[in-house]
Amino acid sequence: MLVIRQSFKGNNCERVCLVATAVVQCRSASRLLWRPHTAKHAHDCSLRLIRPSARKFTTGCRAALATEVQRPLEGSDQRPLHSRPEDQAETSTSAPTQGRLQLIVGPMFAGKTTRLIAEIHALVPGVRFAAVKSDKDVRYGTCSEFLPNTQRPNGSLHTHNGHSQVCYALPTLKHMRQLDDYEKLQAIFIDEGHFFEDLKEFCDCAVDHERKHVFVAGIDSDFQRNSIGQIADLFPRCDELHPLS
Ligand SMILES: Nc1ncnc2c1ncn2[C@@H]1O[C@H](COP(=O)(O)OP(=O)(O)O)[C@@H](O)[C@H]1O
Ligand SMILES: Cc1cn([C@H]2C[C@H](O)[C@@H](COP(=O)(O)O)O2)c(=O)[nH]c1=O
């Protein structure tokens, strides 16, 4: 087990902002963090990043580290996050006390949409949520235009092995705010996040100001191994990173 702690100075005070716990069998943990699917030994490792951000710094860092040290780390933990006792407090039907950003990244066919749908199924009953994907992704049929007057979901998340979940298919994430019950939403599940030009701005607002629990799934690089969309901008912002390969 490798525990990495990094501290750096914020504007006013020093914060320990990054705690990464990793089971690694290769030399470069940072390489694995950002490009798990291109790492030579990606299949031999599981890695979980916890970033207790400024939002919950005081207790978050110590609690996260304690939780992580107690958590069995062997293999890759594919349990949906909501089924983990330590995350239950975040998913009660009452309004969450703080926002949370969880990022699921990996190449195509890695299981990102499958994981996103599993997280939705694992929600505590009664939690108000919405799923959204980019309307640019028309591989499994075209989506009809979202009509704010009907408020009906106009698309679906599709996995490559045939599972689906009703969702909104939108050109930008700010369209989410046209939903009548947007303010009441506690959790938002975003698929194909790399296609949204307002991904970073939306997540900052939804998590930090509106205290929502946001999941984002997307590819972190294009076929030429260049960064794509704003997924990479979410790495330093996310509370949990789930790299798939
Ligand atoms: N070439 C393929 N054709 C069809 N299904 C595939 C293929 N490769 C993987 N799968 C299946 O698709 C699942 C992953 O699909 P999905 O969750 O949609 O991945 P992602 O969202 O990362 O592209 C895998 O668990 C596997 O069962
Ligand atoms: C690698 C790569 C992918 N895309 C597009 C193709 C698909 O619409 C999505 C990936 O979807 P998946 O759920 O991960 O299968 O991204 C692209 O536009 N450019 C690329 O280089």
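Please read these numbers as outputs of a predicted model, since none were measured by experiment. Both ligands and their constituent atoms are indexed starting at 1 by order of listing.
The heavy atom nearest to atom 22 (O) of ligand 1, out of those in Arg115, Lys112, His158, is found in Lys112.
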Starting from the C-alpha separation in whole Å, work towards a yes-or-no answer on side-chain hydrogen bond (donor to acceptor under 3.5 Å, both in side chains) for Tyr140 and His160.
CA-CA 9 Å; Tyr140 295 98; His160 293 298; 2.6 Å; yes
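Hydrophobic cluster membership is shared by Leu173 and Leu179, with clusters built from Ile, Leu, Val, Met, Phe, Trp and Tyr side chains linked at under 4.5 angstrom. No path of Ile, Leu, Val, Met, Phe, Trp and Tyr side chains, each step under 4.5 Å between heavy atoms, connects Ile219 with Leu244, placing them in separate hydrophobic clusters.
Side-chain contact between Val105 and Leu241: present, with at least one pair of heavy atoms (C-beta onward) separated by less than 4.5 Å.
Checked by atom type and distance alone, the side chain of Gln165 never pairs as donor or acceptor with a backbone atom of Leu157 at under 3.5 Å.
Heavy atoms of other residues, nucleotides or ligands lying less than 6.0 angstrom from CZ of Arg152 number 12 at most.
Near ligand 2, heavy-atom contacts under 4.0 Å come from Met108, Lys112, Asp137, Arg139, His160, Glu192, His194, Phe195, Ile219, Asp222, Phe223, Ile228.
Annotation for ligand 1: atoms under 4.0 Å from non-hydrogen atoms of Thr114 are 14 (C), 15 (O), 16 (P), 17 (O). Short contacts between ligand 1 and Pro107, defined as distances under 4.0 Å to a heavy atom of the residue, involve ligand atoms 22 (O).
Between His160 and ligand 1, at least one N/O pair is under 3.5 Å apart.
Under 3.5 Å, the side chains of Thr113 and Asp191 contain a donor-acceptor pair of N or O atoms.
A cation-pi contact links Lys212 to Tyr182, judged by a cut-off of 6.0 Å to the six-membered ring centre and 45° from its axis.
Remark: Arg177 engages Glu210 in a salt bridge, criterion side-chain N to carboxylate O under 4.0 Å.
Neither the backbone nor the side chain of Ala217 has a heavy atom within less than 4.0 Å of ligand 1.
For atom 3 (N) of ligand 1, the nearest protein heavy atom (residue, atom name, distance) is Phe109 CE2, 4.0 Å. With respect to atom 11 (C) of ligand 1, the closest heavy atom belonging to the protein is Asn161 CB, 4.0 Å.
Heavy atoms of Gly111 come nearer than 4.0 angstrom to ligand 1 in at least one pair.
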